[in-house]
Amino acid sequence: MNTEHTYFVQNKSRWTKLPGGRDRVRIEALLKYPDWLLKLRYRWFARFWEKERGWEYEKYSAAFRGRDVLEIGSGLGYDGIKYAAEANSYTYAELNPIQLDFLKRITALYSRTNIGFEFMQEPTAHAFPKQYSGFYAHGVLHHVPFALAKQEFENIDKYLALGAYCVFLMYPKERWVAAGRPDFSAFGNSTDGGCPWTEYYDLEKMQALVGSKYKLVDVSKWGHQSIEFVNYEFVKEA
């Protein structure tokens, strides 16, 4: 098994578990709930997300309004449910079929009819069905080594239209320094309850990831002591 495949397989296993909160529930457990209980439990999570990240929902709902948005690494899908309300269309792209099973079920419970789903068996070479004018990767690409993340985004770039608005949540260098500068294979022990790879991104590394066709339009550091997360926003200009 090559290294590239190993990282994706490990992430596919790891990210069926909710990364935050005291109760790191697994998607397999949520899928066993009847609809009424699943939606009730989901709304409980949503209260936490809204409290911590309401500013993101306001900002990016406006940024994605009327756009065809592609999201990779969708988690439990709440961001997409929010943004799809304003977007022309919204597509979840995932590594794991069980993740897509959950996303299809929960979005149906919220009556979102403009959401599509893509199973990325090979993330660095996946053929998407159309062009997108928005892109969203919230805590995703920093969980594989930089070289692999760059390959994945170079493939995604083929499907992003001129003027596409792109949002990336990463971990800032300050968080890595505060954690004692661990090896990236161990950094996730202090960020996500353990994951195979976690890498910090500063502005130089972020620009190298997306390439010269993308213009930086905003940087927002937030969370605990403003070193927990950093959002980079770009527009595709060439």
Side-chain angles (χ1 to χ4, degrees), residues 49 52-75 77-94 112 114-118 120 123-144 146-175 199-223 226-238:
W49 297 323
E52 184 180 41
R53 299 176 47 216
W55 69 273
E56 282 191 298
Y57 296 139
E58 181 177 352
K59 183 176 186 179
Y60 301 136
S61 289
F64 291 144
R65 186 169 294 131
R67 295 180 182 267
D68 296 304
V69 182
L70 171 65
E71 179 183 358
I72 62 168
S74 310
Y78 189 70
D79 294 5
I81 287 172
K82 296 290 286 188
Y83 301 142
E86 298 294 336
N88 181 57
S89 70
Y90 201 92
T91 300
Y92 293 115
E94 278 292 344
R112 291 287 188 261
N114 63 336
I115 291 180
F117 308 89
E118 288 288 312
M120 297 188 298
T124 61
H126 182 76
F128 291 96
K130 64 180 183 179
Q131 292 279 294
Y132 301 91
S133 53
F135 176 71
Y136 187 70
H138 200 271
V140 180
L141 290 169
H142 58 193
H143 286 302
V144 294
F146 174 82
L148 189 52
K150 188 168 178 63
Q151 288 181 49
E152 185 172 357
F153 188 73
E154 284 175 347
N155 181 66
I156 290 167
D157 171 64
K158 300 172 188 175
Y159 302 94
L160 297 182
L162 192 66
Y165 199 94
C166 305
V167 179
F168 305 79
L169 177 139
M170 301 296 200
Y171 293 147
K173 185 174 182 178
E174 296 92 332
R175 185 170 181 178
E199 190 163 336
Y200 77 78
Y201 274 75
D202 56 16
L203 183 54
E204 181 180 7
K205 188 186 290 188
M206 192 68 226
Q207 191 71 66
L209 176 71
V210 298
S212 60
K213 293 185 290 186
Y214 290 81
K215 178 184 177 181
L216 181 72
V217 294
D218 204 4
V219 178
S220 302
K221 291 184 178 180
W222 58 286
S226 296
I227 66 166
E228 193 173 3
F229 308 110
V230 56
N231 288 21
Y232 295 101
E233 299 165 44
F234 291 86
V235 171
K236 185 174 183 178
E237 290 197 325

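Keep in mind the model is a prediction, meaning the values are calculated, not measured. Numbers here simply count residues along the sequence, with the first being 1.
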Is the shortest side-chain heavy-atom distance between [X] and [Y] below 4.5 Å?
X	Y	value
Val210	Cys166	no
Gln207	Phe234	yes
Tyr200	Val230	no
Trp222	Glu52	yes

- Item | Worked verdict on Tyr60 versus Asn231 for side chain to side chain contact (heavy atoms under 4.5 Å, CB included) | CA-CA 11 Å; Tyr60 301 136; Asn231 288 21; 3.0 Å; yes
- Phe229 six-ring face occupied by Arg175 cation (under 6.0 Å, within 45°): yes
Tell me if the centroids of the rings in [X] and [Y] come within less than 6.0 Å of each other.
X	Y	result
Phe153	Tyr214	yes
Tyr83	Tyr136	yes
Tyr201	Phe168	no

Do you know which two heavy atoms are closest between [X] and [Y], and how far apart they sit?
X	Y	result
Ala149	Val144	N-CG2, 3.7 Å
Gln131	Lys158	NE2-O, 2.9 Å
Ser61	Glu86	O-CB, 3.5 Å
Val69	Ala87	CG2-CB, 4.1 Å
Ala238	Lys213	O-CD, 3.3 Å
Ala164	Gly134	CB-N, 4.3 Å

- Donor-acceptor side-chain pairing of Ser89 and Lys130 below 3.5 angstrom: yes
- For the pair Glu152 and Val140, evaluate side chain to side chain contact (heavy atoms under 4.5 Å, CB included) and give the outcome as yes or no after the intermediate values. CA-CA 11 Å; Glu152 185 172 357; Val140 180; 5.5 Å; no
Output the distance between atom [atom1] ([X]) and atom [atom2] ([Y]), rounded to the nearest 0.5 Å.
X	Y	atom1	atom2	value
Trp49	Tyr57	CH2	OH	7.0 Å
Ile156	Ile72	CD1	CD1	4.0 Å
His143	Leu148	NE2	CG	13.5 Å
Glu228	Leu169	CD	CG	9.5 Å
Lys59	Phe64	NZ	CZ	11.0 Å
Tyr90	Leu70	OH	CG	8.5 Å

Check for a donor-acceptor pair, side chain of [X] on one end and backbone N or O of [Y] on the other, with a separation under 3.5 Å.
X	Y	result
Ser133	Asp68	yes
Asn114	Ala84	yes
Glu94	Ser74	yes
Glu199	Phe146	yes
Lys215	Glu237	no

- Item | Step-by-step side chain to side chain contact (heavy atoms under 4.5 Å, CB included) determination, Lys173 to Lys205 | CA-CA 10 Å; Lys173 185 174 182 178; Lys205 188 186 290 188; over 6 Å; no
- Partners of Tyr132 by ring-ring contact (aromatic ring centres under 6.0 Å, His included), sequence neighbours excluded? none
- Partner of Val167 under side-chain contact (heavy atoms from CB on, under 4.5 Å), chosen from His138, Glu233, Glu56: Glu233
